[in-house]
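What follows is a single structure, written as structure tokens, with notes after it.
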Amino acid sequence: MSWNIRYNRNMVDFFMDLHACPQALQGFPEMKAGSRAGMYPDYKTECKCGGHVLVIALLLFFSISGCAVYHPMPLDRGAIDRALAPPGADRLKVEAASLCHPIIKPLLIDLKDGLSPDEAAVLAVLANPRLRAVRDEQGIASAQVLQAGILPNPVLSAGFEIPTGGVTSNTFNAYNIQPDWEITALIDRSARMESASAAKRSVDLMVAWKEWQVAEAARLHCIRLMWCKKKVALLKNASVHVRENLARIKMAMDLGEKTAVDLAAAEAAWQWLCINLARTEQELEQERLALNRCLGLPPDRIMPIQYIDFTGETPAVSPESIVKRLERTRLDLVALKMGYQSQEAALRAAVLSQFPRIGIGIPYARDTGNVLTTGVAITMEIPFFERNQGDIAMARAIRKKLFDEYVSRLFEARSEVSGIFKKMASVRDQIEATQKAVEAQGKLVETYRRALEQGNADILSYYQARNELTGKRMELLTLKEGLSDLEIALESASGRYFPLTGDSSSVIDRLPVGRQ
């Protein structure tokens, strides 16, 4: 609402003249012709047109009362600490059981037997701090939908004029009031709302896709942590025998039964195990910290991991079936489709906005001769220079970019899925070959052990064979870990959930549990 009011030293006279109140002049008996050029006398007569003033005051009050109120949101230490605090366990269990997601299903959380990969995925969606900022995009999109449906406010213009010179006898204060509204805002309103609604659906799907990626990252780190624990257990088990043998060789060397060569071979085997154990424990710690980041837990929290006997079987799907359904299962592709529809509507709205802006008003005025007039006023923009050609060109360019981006993303997704299946087949062949090599190496170690007991083999060859057996077992675990990584990668690339090909049992090894 805009007002254009010339200054008057007595605004009461303005309101009474505004409503053509006959009692207005009764309070000025001294006012004669030409007296308006002088000073106004004191106003003492009671005005009976206060109802009109009250109506205007109420309209102003209600228009102001509908405005939003500012509430501060300080970025202080207390607010940050509250935001970083992980949610309570009871709250997480309730939210996990009622989770609503296009891919991730609700789950009953039970950490008594350790954290499973599926539980890690659900907890990551609920508690990951990075997803909070991602979900805030939904609020922005909702606000844009609201903004797209809001029509422009009517404009009320008012004027007040006082004769101050010339022949002013028998003249009156002149005023005018004119409400205006731009009716052309209705032309592109439906297109703007359609664009904003499609953009909102696109944002919702993209948020769900990012949640899926975080959930898959949590599953990946949980499974890798399980494999690291298996590697550590293997190396610790091997180190027990090597350490015992090293102690025996040292005693035998003191008695003169073993030589320095035997001791050097045992020490070399021990050092090899220590180096690999330290490297694997470091890898385990890195995976634990990465899992904590996904779950929104502090670095010192230690979560017990559920043991899974991974079999590495192929998911009961074919590459062709996954590729055919990519445009329906990958939420990012569906989100891009919604974004494209939004841009189509935005382009249509830009084209409709070429229509010249037209405003309709109803002027009501009184001139200095006390003549009242009421009519209709129309204002129309002449599209001589600006015909919205810039917005139209921008909308078309963005639509072309979204089309090419969708095609490119679909091509990459198809290539990624096909590549993952080929890698899985190759890794599976390597696992089969490595398993045979482990069996053969185990027989060789047993042969060396018997020959060593009979004095037909040297101890250096025996320890070398044992180290090679441990190394091949480590290689087999690494290959199985890589196969499980590829299964998670297949889930991420296809937008589909595949149950792990293995059976879960108890906790691997309950490390000391930190703050729960």
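Just so it is clear, the structure is predicted and the values come from calculations on it, not from any experiment. The first residue of the sequence shown is numbered 1, and numbering continues consecutively from there.
Residues Leu123 and Leu115 form a side-chain contact, since some pair of their non-hydrogen atoms from C-beta on lies under 4.5 Å apart. A heavy-atom distance below 4.5 Å is found between the side chains of Leu111 and Met303. Counting heavy atoms from C-beta outward, Arg496 and Leu490 have side chains that stay 4.5 Å or more apart. In this structure, Arg189 and Met193 have side chains that are in contact, with non-hydrogen atoms separated by less than 4.5 Å. Side-chain contact between Glu287 and Leu291 is absent, with no heavy atoms from C-beta onward closer than 4.5 Å.
The CG atom of Leu372 sits 5.0 Å away from atom OH of Tyr175, with the distance rounded to the nearest 0.5 Å. Interatomic distance, CG of Leu107 versus OG of Ser98, reported as 12.0 Å (0.5 Å rounding). The OH atom of Tyr497 lies 12.5 Å from the CD1 atom of Ile103; values are rounded to the nearest 0.5 Å. The distance from the CG atom of Asn173 to the OG1 atom of Thr171 is 7.5 Å, given to the nearest 0.5 Å. Taking NE2 of His221 as the reference point, atom CD1 of Ile305 lies at 12.0 Å (rounded to 0.5 Å). A distance of 12.5 Å separates NZ of Lys105 from CG of Asp118, quoted to the nearest 0.5 Å.
Closest non-hydrogen pair, Ala208 versus His101, comes out as O-NE2, 3.0 Å. Between Asn388 and Ser353, the closest heavy-atom pair is ND2-CB, 3.3 Å. Among all heavy-atom pairs drawn from Asp76 and Ala79, the shortest one is OD1-N, 2.9 Å. Across all their heavy atoms, Glu119 and Gly114 have their closest contact at OE1-O, 3.3 Å. Considering all non-hydrogen atoms of both residues, Val334 and Glu327 come closest at CG2-O, 3.5 Å. The two residues Ala96 and Ile109 come nearest to each other via the heavy atoms CB-CG1, 3.6 Å.
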query: Given Arg132 and Asp136, is the salt bridge (charged side-chain N to carboxylate O under 4.0 Å, His left out) satisfied, shown in steps?
result: CA-CA 6 Å; Arg132 299 177 190 173; Asp136 291 340; over 6 Å; no
task: Any chance you could lay out the salt bridge (charged side-chain N to carboxylate O under 4.0 Å, His left out) test for Arg409 and Glu405, step after step, and finish with the verdict?
output: CA-CA 6 Å; Arg409 188 81 64 90; Glu405 184 177 353; 3.3 Å; yes
message: For a side chain to side chain contact (heavy atoms under 4.5 Å, CB included) check, start with the C-alpha distance between Leu402 and Tyr406, then their side-chain angles and the critical distance, and finish with the verdict.
response: CA-CA 6 Å; Leu402 289 176; Tyr406 179 83; over 6 Å; no
side-chain hydrogen bond (donor to acceptor under 3.5 Å, both in side chains) evaluation trace for Gln178 with Asp180: CA-CA 6 Å; Gln178 178 174 327; Asp180 291 278; 2.9 Å; yes
message: Run the side chain to side chain contact (heavy atoms under 4.5 Å, CB included) test on Val125 and Trp212 for me, step by step, so that the C-alpha distance in whole Å, both residues' side-chain angles and the decisive distance to 0.1 Å come before the verdict.
response: CA-CA 8 Å; Val125 172; Trp212 169 247; over 6 Å; no
task: Could you walk me through whether Leu347 and Ile392 pass the side chain to side chain contact (heavy atoms under 4.5 Å, CB included) test, one step at a time?
output: CA-CA 6 Å; Leu347 176 57; Ile392 294 174; 4.2 Å; yes
Audit row: Ile140, Gln144, side chain to side chain contact (heavy atoms under 4.5 Å, CB included) steps and yes/no: CA-CA 6 Å; Ile140 298 175; Gln144 291 173 344; 3.9 Å; yes
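For Arg330 (side chain) and Gly495 (main-chain N/O), no donor-acceptor pair under 3.5 Å exists by modelled atom type. Without hydrogens or angle criteria, Arg288 side chain to Leu225 main chain gives no donor-acceptor distance under 3.5 Å. Of the possible donor and acceptor atoms, none in the side chain of Asn176 sits under 3.5 Å from a partner among the backbone N and O of Pro363. Asp367 places a side-chain N or O within donor-acceptor distance of the main-chain N or O of Asn370, the cut-off being under 3.5 Å. Here the side chain of Ser195 pairs a donor or acceptor atom with the backbone of Ser342 at under 3.5 angstrom. In terms of modelled atom types and a separation under 3.5 Å, the side chain of Gln354 and the main chain of Val351 share a donor-acceptor contact. Side-chain atoms of Gln343 come within 3.5 Å of backbone N or O of Ala395 as a donor-acceptor pair. Checked by atom type and distance alone, the side chain of Asn292 pairs as donor or acceptor with a backbone atom of Pro298 at under 3.5 Å. No donor-acceptor pair closer than 3.5 Å links the side chain of Arg219 to the backbone N or O of Ala120. Remark: the backbone N or O of Ser494 is paired with a side-chain donor or acceptor of Thr329 at under 3.5 angstrom.
Counting heavy-atom neighbours within 6.0 Å of Leu186 CG, excluding the residue itself, gives a total above 12. Atom CD1 of Ile362 has 12 or fewer neighbouring heavy atoms from other residues, nucleotides or ligands inside a 6.0 Å radius.
For Arg130, there are no side-chain hydrogen bond (donor to acceptor under 3.5 Å, both in side chains) partners at least two apart in sequence or on another chain. Legend: residues meeting side chain to side chain contact (heavy atoms under 4.5 Å, CB included) with Gln147, ordered by chain and number and at least two apart, are Ile150. For the salt bridge (Lys or Arg N to Asp or Glu O under 4.0 Å) test, no residue two or more places apart in sequence or in another chain qualifies with Arg82. With sequence neighbours excluded, the residues that form a side chain to side chain contact (heavy atoms under 4.5 Å, CB included) with Glu137 are Val203, Lys210.
The pair Glu211-Arg135 counts as a salt bridge, with a side-chain nitrogen and a carboxylate oxygen less than 4.0 angstrom apart. Ion pairing of Lys324 with Glu320 is absent here, as no side-chain N (NZ or NE/NH1/NH2) approaches a carboxylate O to less than 4.0 Å. Ion pair Lys200/Asp204 flagged as a salt bridge, since at least one NZ, NE, NH1 or NH2 atom sits closer than 4.0 Å to an Asp/Glu carboxylate oxygen.
Sorted by first and then second residue, the salt bridge (charged side-chain N to carboxylate O under 4.0 Å, His left out) pairs involving residues 380-395 (not counting sequence neighbours) are Arg357-Glu381.
Between the side chains of Ser321 and Ser318, a donor-acceptor pair is found at a separation under 3.5 Å.
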Donor-acceptor pairs under 3.5 Å, side chain of residues 410-424 to any protein atom, not counting sequence neighbours: which ones?
from, atom 1, to, atom 2, distance (Å)
Ser415, OG, Phe411, O, 3.0
Ser418, OG, Arg414, O, 3.1

